[in-house]
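If you scroll down you'll find the structure; I have some questions about it.
Here the structure is a predicted model, which is why all the values come from computation and not from measurement. Proteins come first, then strands; the chains are lettered A, B, ... in the order of their sequence lines, and each starts at number 1. Note that these values count all heavy atoms, side chains included, but never hydrogens, waters or copies made by symmetry.
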2 protein chains.
Amino acid sequence: MSDMNRKSTGPHRSTKQRAAIKDALVAARGFRSAQELHDELKAEGQRVGLTTVYRNLQALASAGEVDVLRTSEGEAIYRRCGTGEHHHHLVCTECGNSVEVGSEEIESWAKRVAKHHGFTPVDHTAEVFGICSGCSK
Amino acid sequence: MSDMNRKSTGPHRSTKQRAAIKDALVAARGFRSAQELHDELKAEGQRVGLTTVYRNLQALASAGEVDVLRTSEGEAIYRRCGTGEHHHHLVCTECGNSVEVGSEEIESWAKRVAKHHGFTPVDHTAEVFGICSGCSK
DNA sequence: ACGGATTTGACAATCGTTTTCAATAAGTCC
DNA sequence: GGACTTATTGAAAACGATTGTCAAATCCGT
C-alpha cells in the first residue's frame with residue numbers, strides 16, 4: 001500500500017486562517033458544520049472566507065486530524081478529536097457535545113459480519129445518540 | 001401483516017408511478033439513490049419524473065416502509081427491507097446490494113455506552129460498508 | 001526585501017433535493 | 001359512462017451545501 005493519502009499529506013504552509021479554524025474547532029468541543037464554524041469565526045471577529053473553511057476542514061479530515069459525520073439531513077459535521085485512533089461517538093442530540101468511545105467490540109463485529117457474508121470490509125459507522133446528563137434535567 | 005399499521009394515514013391514491021417505484025425498489029434488492037432508481041425505471045421503459053421518485057421515496061421512508069441511509073458523500077439511499085424490526089446493514093459500496101443484519105450485540109453495546117456516560121440512549125447507527133464477493137472480482 | 005509557489009476569498013458552477021404550479025388522472029357520486 | 005373533486009404528476013425554477021475558478025494576497029526560503 002502506498003501512503004500517498006496518509007496523515008503526512010497535509011498543509012504545507014501555516015496561515016492565520018488555518019490556525020483560527022483549528023482553534024475554533026477545538027473550542028467548540030463538539031461536532032460543527034462548516035457553516036456553523038464560519039459563523040462562530042465571524043462572531044469572534046475573525047474574517048475567514050467560507051470557501052477557506054470548507055477547504056481546510058476537508059484537508060484536516062483527509063489528514064485524519066478531524067472526524068467527519070453526516071447528520072440525518074446529509075450535512076457534514078466535523079470534530080477535532082483527542083485521539084487519532086479509530087473510535088466512535090456518543091453524541092448528545094440536544095447540545096452536540098460528544099464522547100469518544102473506543103470499541104473493540106464494534107470492530108470485531110464489523111469484520112465478522114462482513115466475512116460471514118463474503119464481503120471485503122471497507123469501513124463502518126457506529127454512533128450512539130442520546131441525551132447527556134446535563135441536558136436531561 | 002395488514003396495512004392498518006401504517007403511519008400518518010394521509011390521502012393515498014394508487015398510481016402507476018407509485019407502483020413502478022415500489023417494484024423497482026423491490027427488484028433492486030439493495031440500496032438505491034433516488035437518481036439511480038429513476039435511471040433504472042427509465043431503462044425499463046417506465047416514464048416517471050425524477051420529482052415523483054423523490055416524493056415517493058420520501059413518503060415511503062416516513063411511512064416506515066423503506067430504510068434510509070446516507071453515503072459518505074451525503075447522498076440519501078433507500079432500501080425496501082424484509083423486516084420492520086430494528087436491524088442494521090452490510091452494504092456493498094460498489095453495487096448497493098446489502099444484507100440485513102440483526103444484532104443484539106450492537107443494541108447492548110449502545111445501551112451500555114450511553115449508560116456508562118450518563119446519557120439517555122435515544123438511537124444509534126451501525127452499518128458496515130464493504131465490497132461484496134460479486135464486485136470484488 | 002525579492003520572487004515564486006501556496007493559499008485565500010468572492011463569485012460562479014455543480015449536485016442532490018425541494019418547491020412551485022399548471023396539467024393530468026384516481027376515486028366518487030350520479 | 002360522464003361530470004366533478006382533489007391527490008398526484010412532472011418540467012422547470014428554487015434551494016442549500018459544497019466545490020471549482022482565478023486574480024489578488026500571503027507566506028517563506030533565499
Side-chain angles (χ1 to χ4, degrees), chain A residues 5 8-25 31-63 65-79 96, chain B residues 3 6-25 28 31-63 65-79 93 96:
Chain A
N5 290 330
S8 52
T9 305
H12 300 132
R13 224 178 248 189
S14 65
T15 66
K16 294 180 179 179
Q17 291 89 337
R18 189 163 295 156
I21 291 168
K22 278 182 153 186
D23 288 351
L25 248 192
F31 284 93
R32 290 293 189 291
S33 70
Q35 317 222 43
E36 286 171 340
L37 233 87
H38 180 246
D39 288 346
E40 289 174 15
L41 283 167
K42 190 186 293 179
E44 63 177 72
Q46 306 270 12
R47 27 192 167 72
V48 181
L50 179 56
T51 307
T52 301
V53 175
Y54 272 108
R55 258 189 310 239
N56 278 291
L57 285 177
Q58 223 175 230
L60 287 168
S62 57
E65 289 186 47
V66 301
D67 277 12
V68 193
L69 242 62
R70 291 274 172 181
T71 66
S72 56
E73 290 82 34
E75 195 180 16
I77 50 179
Y78 304 82
R79 175 182 177 171
Chain B
D3 46 12
R6 267 201 305 263
K7 302 209 169 171
S8 55
T9 308
H12 190 277
R13 209 176 265 191
S14 66
T15 66
K16 295 180 179 182
Q17 291 90 335
R18 188 165 295 157
I21 291 167
K22 276 182 157 187
D23 289 350
L25 246 193
F31 283 93
R32 290 295 186 296
S33 69
Q35 318 221 40
E36 286 171 340
L37 223 56
H38 179 246
D39 288 346
E40 289 173 16
L41 284 166
K42 189 186 295 178
E44 63 177 72
Q46 307 269 13
R47 22 195 171 69
V48 181
L50 179 56
T51 307
T52 302
V53 175
Y54 273 109
R55 255 187 312 235
N56 278 292
L57 285 177
Q58 223 175 231
L60 287 169
S62 57
E65 290 187 45
V66 301
D67 277 11
V68 194
L69 284 184
R70 290 275 172 181
T71 66
S72 56
E73 290 81 35
E75 195 180 15
I77 51 180
Y78 303 81
R79 170 173 186 179
T93 55

Round to a whole Å and report the spacing from CZ of A:R47 to C1' of C:dT7.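 Result: 16 Å.
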
Could you tell me whether the phosphate oxygens of D:dT8, OP1 or OP2, come under 4.0 Å of any side-chain nitrogen or oxygen in B:R18?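 Yes, such a contact exists.
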
What pair of heavy atoms forms the shortest contact from A:A20 to A:L41, and how long is it?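 Result for this residue pair: O-CD2, 3.6 Å.
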
Which heavy atom of A:V68 sits nearest to which heavy atom of A:A76, and what is that distance?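 Nearest pair, atom of A:V68 first, then A:A76: CG1-CB, 4.3 Å.
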
A:H12 NE2 - D:dT26 C1' separation (whole Å):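 Rounding to the nearest Å, NE2 of A:H12 and C1' of D:dT26 are 17 Å apart.
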
Can you tell me the distance, in whole Å, between the CG atom of B:L57 and the C1' atom of C:dT18?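 These atoms are roughly 14 Å apart.
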
For B:R55, answer base if it contacts any base atom (sugar-phosphate contacts may also be present), sugar-phosphate if it contacts only those atoms, and nothing otherwise; contact means non-hydrogen atoms under 4.0 Å.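 Answer is base: heavy atoms of B:R55 come under 4.0 Å of a base.
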
Atom CD of B:Q46 and atom P of D:dG10: how far apart are they, to the nearest Å?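 Going from B:Q46 (CD) to D:dG10 (P), I get 11 Å.
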
Kindly compute the distance separating CD (A:Q58) from OH (A:Y78), expressed to the nearest 0.5 Å.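 So the CD of A:Q58 and the OH of A:Y78 are separated by 6.5 Å.
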
Drop me the distance from B:E65's CD to B:N56's CG, to the nearest 0.5 angstrom.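 Output value for this atom pair is 10.5 Å.
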
Please name the pair of heavy atoms, one in B:V48 and one in B:V53, separated by the smallest distance, quoted to 0.1 Å.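 Closest pair (atom of B:V48, atom of B:V53, distance): CG1-CG2, 4.0 Å.
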
Nearest heavy atoms of B:L57 and B:V66, plus distance in Å: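 In this case the closest contact between B:L57 and B:V66 is O-CG2, 4.2 Å.
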
Just compare C:dG9, D:dG10, C:dG27 and give me whichever is closest to any side-chain atom of B:R13.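 The answer is C:dG27, which lies nearest to the side chain.
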
Show each protein N/O and nucleotides 16-19 of chain D N/O combination with a separation under 3.5 Å, one pair to a line.
from   : atom 1 : to    : atom 2 : distance (Å)
D:dA17 : OP2    : A:Q35 : NE2    : 3.0
D:dA17 : O5'    : A:Q35 : NE2    : 3.1
D:dT18 : OP1    : A:A76 : N      : 2.9
D:dT18 : OP2    : A:Y54 : OH     : 2.9
D:dT19 : OP1    : A:Q58 : OE1    : 3.0
D:dT19 : OP2    : A:Q58 : OE1    : 2.8

Could you tell me the separation between the NZ atom of A:K16 and the C1' atom of D:dC28, rounded to a whole number of Å?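 Atom-to-atom, A:K16 to D:dC28, this comes out as 15 Å.
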
Would you mind reading off the distance between A:E73 atom CD and C:dT18 atom P, rounded to a whole angstrom?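 Roughly 10 Å, once rounded to whole Å.
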
Send over the distance from A:I21 CD1 to C:dT7 P, rounded to a whole Å.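 Whole-Å distance recorded here is 13 Å.
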
Under 4.0 Å between a side-chain N/O of A:T15 and OP1 or OP2 of C:dT7, yes or no?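 False: A:T15 side-chain N/O out of range (4.0 Å or more) of C:dT7 OP1/OP2.
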
With respect to the phosphate group of D:dG10, does any side-chain polar atom (N or O) of B:Q17 fall under 4.0 Å of OP1 or OP2?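 Answer yes for this pair, as a side-chain N or O of B:Q17 is under 4.0 Å from OP1 or OP2.
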
C:dT7 OP1/OP2 closer than 4.0 Å to side-chain N/O of A:N56: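 Answer is no, no contact under 4.0 Å.
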
Point-to-point distance, once rounded to the nearest 0.5 Å, from CG of A:L69 to CZ of B:R70: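 CZ of B:R70 is found 13.0 Å from CG of A:L69.
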
So, does A:S14 get its side chain near the phosphate of D:dC27, meaning an N or O under 4.0 Å from OP1 or OP2?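 No, A:S14 has no side-chain N/O under 4.0 Å of OP1/OP2 on D:dC27.
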
Without decimals, in angstroms, what is the distance between B:L41 CG and D:dT9 C1'?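 Value for this atom pair: 14 Å.
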
